[in-house]
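On a predicted model such as this, the values are computed, not experimentally measured, just so you know.
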Amino acid sequence: MWAWLIAGIIAYIPANTYPMLLTSTLLERSESTIMGGVVDLVNYGAIGIALVVFIASVAIPVGKFLAIMYLAISVQRGSQRHQHGRHKAYDIVEFIGRWSMIDVFVVAILSALVQLDTLATINPGIAAVSFALSVIFTMLAAQSFDARLIWDVDRKTDD
């Protein structure tokens, strides 16, 4: 589980530092990172969309990393406290896993739809692949976590 989680975190770094979208028009070529796209959306007045992109691309993945780490550490330490809370955290991580690829789908759809031949093109950048890998790795980390360990009461130690 730790290996998948660490791989997800490592893949998340280039997902946020390299371009997610490569846009080319007759006059210019631009590259947008995730946060650059959020800032651009805010500057264009699309604050709601910027908020959705920020939550889906930054807040949720970081929260998922932290939640999986918390679950793994608490189980390894044998903590019997807050078992219901940990189980709810696990359920949330599992639920979020279903929606984690929404960013990659949006990039793929934009790339497919906005191909105006010589006028303009939008292509996914390396960050799209990195983000997809990060999502896949964290999904595997969550799947490899044995939720039954949350309820393991045979442990001798407590926080």
Side-chain angles (χ1 to χ4, degrees), residues 1-75 82 84-145 147 150:
M1 191 234 13
W2 280 106
W4 291 123
L5 180 61
I6 291 168
I9 293 169
I10 290 170
Y12 187 70
I13 295 168
N16 283 285
T17 55
Y18 288 105
M20 181 67 83
L21 284 174
L22 307 169
T23 307
S24 299
T25 63
L26 286 174
L27 302 174
E28 66 180 342
R29 176 180 161 91
S30 65
E31 301 176 347
S32 294
T33 62
I34 292 172
M35 284 307 296
V38 170
V39 170
D40 288 345
L41 287 168
V42 169
N43 290 338
Y44 291 129
I47 295 171
I49 297 171
L51 188 61
V52 168
V53 171
F54 178 79
I55 290 170
S57 302
V58 178
I60 289 176
V62 170
K64 192 172 177 182
F65 294 142
L66 294 174
I68 294 171
M69 279 191 276
Y70 165 70
L71 290 169
I73 291 169
S74 66
V75 165
H82 311 294
H84 290 285
R86 285 198 311 255
H87 188 52
K88 285 182 184 180
Y90 176 76
D91 286 343
I92 290 169
V93 167
E94 283 292 305
F95 177 77
I96 289 172
R98 300 177 202 155
W99 299 99
S100 298
M101 292 291 274
I102 196 163
D103 303 43
V104 177
F105 291 137
V106 167
V107 169
I109 290 168
L110 272 174
S111 299
L113 292 177
V114 185
Q115 297 298 328
L116 303 174
D117 293 325
T118 57
L119 297 177
T121 58
I122 295 179
N123 294 310
I126 189 68
V129 175
S130 296
F131 193 85
L133 286 173
S134 178
V135 168
I136 290 166
F137 292 150
T138 55
M139 287 173 69
L140 289 169
Q143 288 293 317
S144 65
F145 178 78
I150 293 172

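Every residue was checked against the side chain to side chain donor-acceptor pair (under 3.5 Å) condition with E31, not counting sequence neighbours, and none meets it. Under the rule for a side-chain contact (heavy atoms from CB on, under 4.5 Å), the partners of S24 that lie at least two apart in sequence or sit in another chain are R29, T121. Qualifying side-chain contact (heavy atoms from CB on, under 4.5 Å) partners for I9, counting only residues two or more places apart in sequence or in other chains: L5, F65, M69. Annotation: side-chain contact (heavy atoms from CB on, under 4.5 Å) contacts of A46 (sequence neighbours excluded): L41, I49. Every residue meeting the side-chain contact (heavy atoms from CB on, under 4.5 Å) condition with L51, not counting sequence neighbours, appears here in chain and number order: I55.
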Atom pairs and distances, side-chain donor-acceptor, residues 124-137, under 3.5 Å, sequence neighbours left out:
unit_1	atom_1	unit_2	atom_2	d
S130	OG	I126	O	3.3
S134	OG	G8	O	2.8

Could you list the donor-acceptor pairs under 3.5 angstrom formed between side-chain atoms of residues 11-22 and any protein atom two or more places apart in sequence or on another chain?
unit_1	atom_1	unit_2	atom_2	d
Y12	OH	N16	ND2	3.4
Y12	OH	S57	O	2.8
N16	ND2	Y12	O	3.0
T17	OG1	I13	O	3.1

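Under the ring-ring contact (aromatic ring centres under 6.0 Å, His included) criterion, no residue pair touches residues 20-41, with sequence neighbours excluded. Applying the salt bridge (Lys or Arg N to Asp or Glu O under 4.0 Å) test to residues at least two apart or on different chains, none of the pairs has a partner in residues 127-143. Within the structure, no pair that satisfies the ring-ring contact (aromatic ring centres under 6.0 Å, His included) test touches residues 44-63, not counting sequence neighbours.
The line from CE of M1 to CD1 of I6 is 9.0 Å long, rounded to the nearest 0.5 Å. Atoms CZ and CH2, from F145 and W2 in turn, are 10.0 Å apart once rounded to the nearest 0.5 Å.
When side chains are defined from C-beta on, W4 does not count as touching I68, because their heavy atoms never get closer than 4.5 Å.
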